Amino acid sequence: MSDTPLKPQSKLPALGTTIFSQMSALAQEHRAINLSQGFPDFDGPAFLQQRLAWHVAQGANQYAPMTGVAALREAIADKTAELYGCRPDPETDVTVTAGATEALYAAITALVRPGDEVICFDPSYDSYAPAVALSGGVMKRMALQPPGFRVDWAQFAALLSPRTRLVILNTPHNPTATVWAQEDFSALWQAIAGQEIYVLSDEVYEHICFAKGGHASVLAHPQLRERAIAVSSFGKTFHMTGWKVGYCIAPAPLSAEVRKLHQYLTFSVNTPAQLALADMLRAEPEHYRTLPAFYRARRDLFVEALQPGRFQLLPCEGTYFLLADYSAISERNDVDFCRWLTAEVGVAAIPLSVFCEGPFPHRLIRLCFAKQPETLLAAAERLVAL
């Protein structure tokens with residue numbers, strides 16, 4: 001009998017540790033200012049923390065209902081009605097998940113069958129493709145070009161086929177910091193209206209949108225929302241990424257399929273956190289209403305501090321990320337540049353090529369400005385010196 005340990009054949013042989021974990025570890029190793037992984041270096045609202053402690057003390061420490069506590073689903077439905085003009089049924093259309101990532105995985109797994117084609121827009125968030133692959137789907141990527149990263153709708157239409165099952169979009173968009181307008185949703189509907197194609201709309205940065213017209217949601221489009229799953233994140237909205245609480249909104253038939261996956265992925269989400277979030281939505285709605293101004297101030301501070309340097313900054317319409325072109329500074333590829341930047345300059349960033357499949361000829365990095373002003377100014381001082 002062999003003493004060699006068994007090694008399973010990998011279902012995702014090309015994947016290793018995510019670039020976010022790699023760069024955060026490198027930042028810690030070199031004690032660099034970490035502008036790579038997207039999390040704030042400040043805490044969330046005091047009221048939210050107090051309500052969490054209160055619910056724990058009151059004994060709300062057992063399983064929540066599989067779909068989410070009723071108070072939170074009701075608050076989500078009311079917030080959706082206020083923002084997007086439609087109120088989902090909290091019983092059938094709203095599902096609380098263990099972060100947005102779980103919602104994305106459950107949605108993709110519920111909808112994609114072996115051989116189905118899924119269209120996404122590159123650069124794209126790195127959790128989409130593995131879920132599609134594990135479901136036996138085929139990812140068809142449409143490359144968006146800087147600096148605008150706009151969708152060419154004629155090119156999109158050419159990608160459609162009888163096997164197209166799902167379109168994945170993300171607005172405000174990580175990593176490009178661009179946003180969709182209502183006209184984009186109208187164009188999407190015109191392209192897919194006559195086919196059995198579903199939409200997964202990743203809207204985790206919905207409240208961090210600086211566009212003049214505000215955030216355009218798939219939920220505000222009457223036809224698309226009947227075949228769409230919209231995903232949101234409380235971690236992004238309330239600066240509590242470690243709580244890992246998100247949710248998805250979809251018509252009852254789609255929600256039913258998502259819930260079949262959700263109940264065996266996590267079953268239910270942290271009970272006292274859900275109750276605290278329900279209280280927060282009711283008591284302090286001004287938090288999410290003023291979030292664009294909160295993050296716009298940090299964006300503007302960081303942009304102004306970087307102006308004297310040699311980075312060319314791309315427009316930032318949403319998210320808490322800023323893209324910077326380093327062509328005037330180095331000829332390194334973006335992965336090597338980010339490693340050098342972390343080790344030698346003391347600022348960690350994310351290379352944009354990791355969000356794309358195939359060649360990426362652009363010299364672009366992503367910087368996170370969800371940081372304290374002093375953190376941003378210290379990082380800018382090092383970057384301007386290059």
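Owing to the predicted nature of the structure, the values given are computational and were not obtained by experimental measurement.
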Under-4.0 Å salt bridge between [X] and [Y]:
| X | Y | answer |
| --- | --- | --- |
| Glu284 | Arg51 | no |
| Glu117 | Lys140 | yes |
| Lys236 | Glu206 | no |
| Asp336 | Arg339 | no |

Checklist line | side-chain contact (heavy atoms from CB on, under 4.5 Å) assessment of His215 paired with Glu203 | finding: CA-CA 9 Å; His215 172 60; Glu203 302 184 18; 2.8 Å; yes

Do [X] and [Y] have a side chain donor and acceptor closer than 3.5 Å?
| X | Y | result |
| --- | --- | --- |
| Ser353 | Asp334 | yes |
| His221 | Gln182 | no |
| Arg150 | Gln145 | no |
| Asn170 | Tyr205 | no |
| Gln195 | Thr164 | no |

Margin query: Quick one: does any side-chain atom of Asn61 pair with a main-chain N or O of Val56 as donor and acceptor, under 3.5 Å?
Written below: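 Looks like yes, one N/O pair under 3.5 Å.
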
Note to self: Quick check on ring-ring contact (aromatic ring centres under 6.0 Å, His included): which of Tyr320, Phe369, Phe294 does Phe42 satisfy it with?
What the structure shows: Phe294

Check: Can you list the other members of the hydrophobic cluster that holds Phe267, where links are side-chain heavy atoms under 4.5 angstrom apart?
Finding: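 Tyr63, Met66, listed by chain and number.
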
Item checked: Residues that Arg298 engages under salt bridge (Lys or Arg N to Asp or Glu O under 4.0 Å), provided they are two or more places apart -> none

Next item on the list: Evaluate the criterion salt bridge (charged side-chain N to carboxylate O under 4.0 Å, His left out) for residue pair Asp93 and Arg73; output intermediate values, then yes/no.
Entry: CA-CA 9 Å; Asp93 301 352; Arg73 286 184 282 113; over 6 Å; no

Note to self: Is it true that, when you exclude Gln62 itself, more than 12 heavy atoms of the residues, nucleotides or ligands shown sit nearer than 6.0 Å to its CD?
What the structure shows: no

Please list, chain by chain and in numerical order, all residues satisfying side-chain hydrogen bond (donor to acceptor under 3.5 Å, both in side chains) with [X], sequence neighbours excluded.
| X | value |
| --- | --- |
| Gln274 | none |
| Asn174 | Arg366 |
| Ser24 | Asn34, Gln37 |
| Arg289 | Glu82, Glu286 |

Same cluster for [X] and [Y] if Ile/Leu/Val/Met/Phe/Trp/Tyr side chains link at under 4.5 Å?
| X | Y | answer |
| --- | --- | --- |
| Leu364 | Val179 | no |
| Trp54 | Met280 | no |
| Val138 | Phe156 | no |

Item checked: NZ or CZ of Lys371 within 45° of Phe39 ring axis and under 6.0 Å ->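 Yes, Lys371 lies over the aromatic ring of Phe39.
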
Margin query: Does Arg363 qualify as a cation-pi partner of Phe337, given the criterion of NZ or CZ under 6.0 Å from the six-membered ring centre and within 45 degrees of its axis?
Written below: no

Close side-chain approach of [X] to [Y], heavy-atom, < 4.5 Å:
| X | Y | result |
| --- | --- | --- |
| Val167 | Leu200 | no |
| Ile249 | Tyr84 | no |
| Tyr198 | Ile229 | no |

Check: Taking all atoms of both residues into account, what is the closest heavy-atom pair of Phe210 and Cys316, and its distance?
Finding: CD1-O, 3.6 Å

Margin query: Can you classify the ring geometry of Tyr247 versus Phe234 as parallel (below 30°), tilted (30 to 60°) or perpendicular (above 60°)?
Written below: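 Tyr247 and Phe234: tilted rings.
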
Item checked: Worked check of ring-ring contact (aromatic ring centres under 6.0 Å, His included) between Phe185 and Trp180 -> CA-CA 8 Å; Phe185 284 107; Trp180 275 33; 5.1 Å; yes

Next item on the list: Given side-chain contact (heavy atoms from CB on, under 4.5 Å), test Val151 with Leu188 step by step and report yes or no.
Entry: CA-CA 10 Å; Val151 177; Leu188 174 61; over 6 Å; no

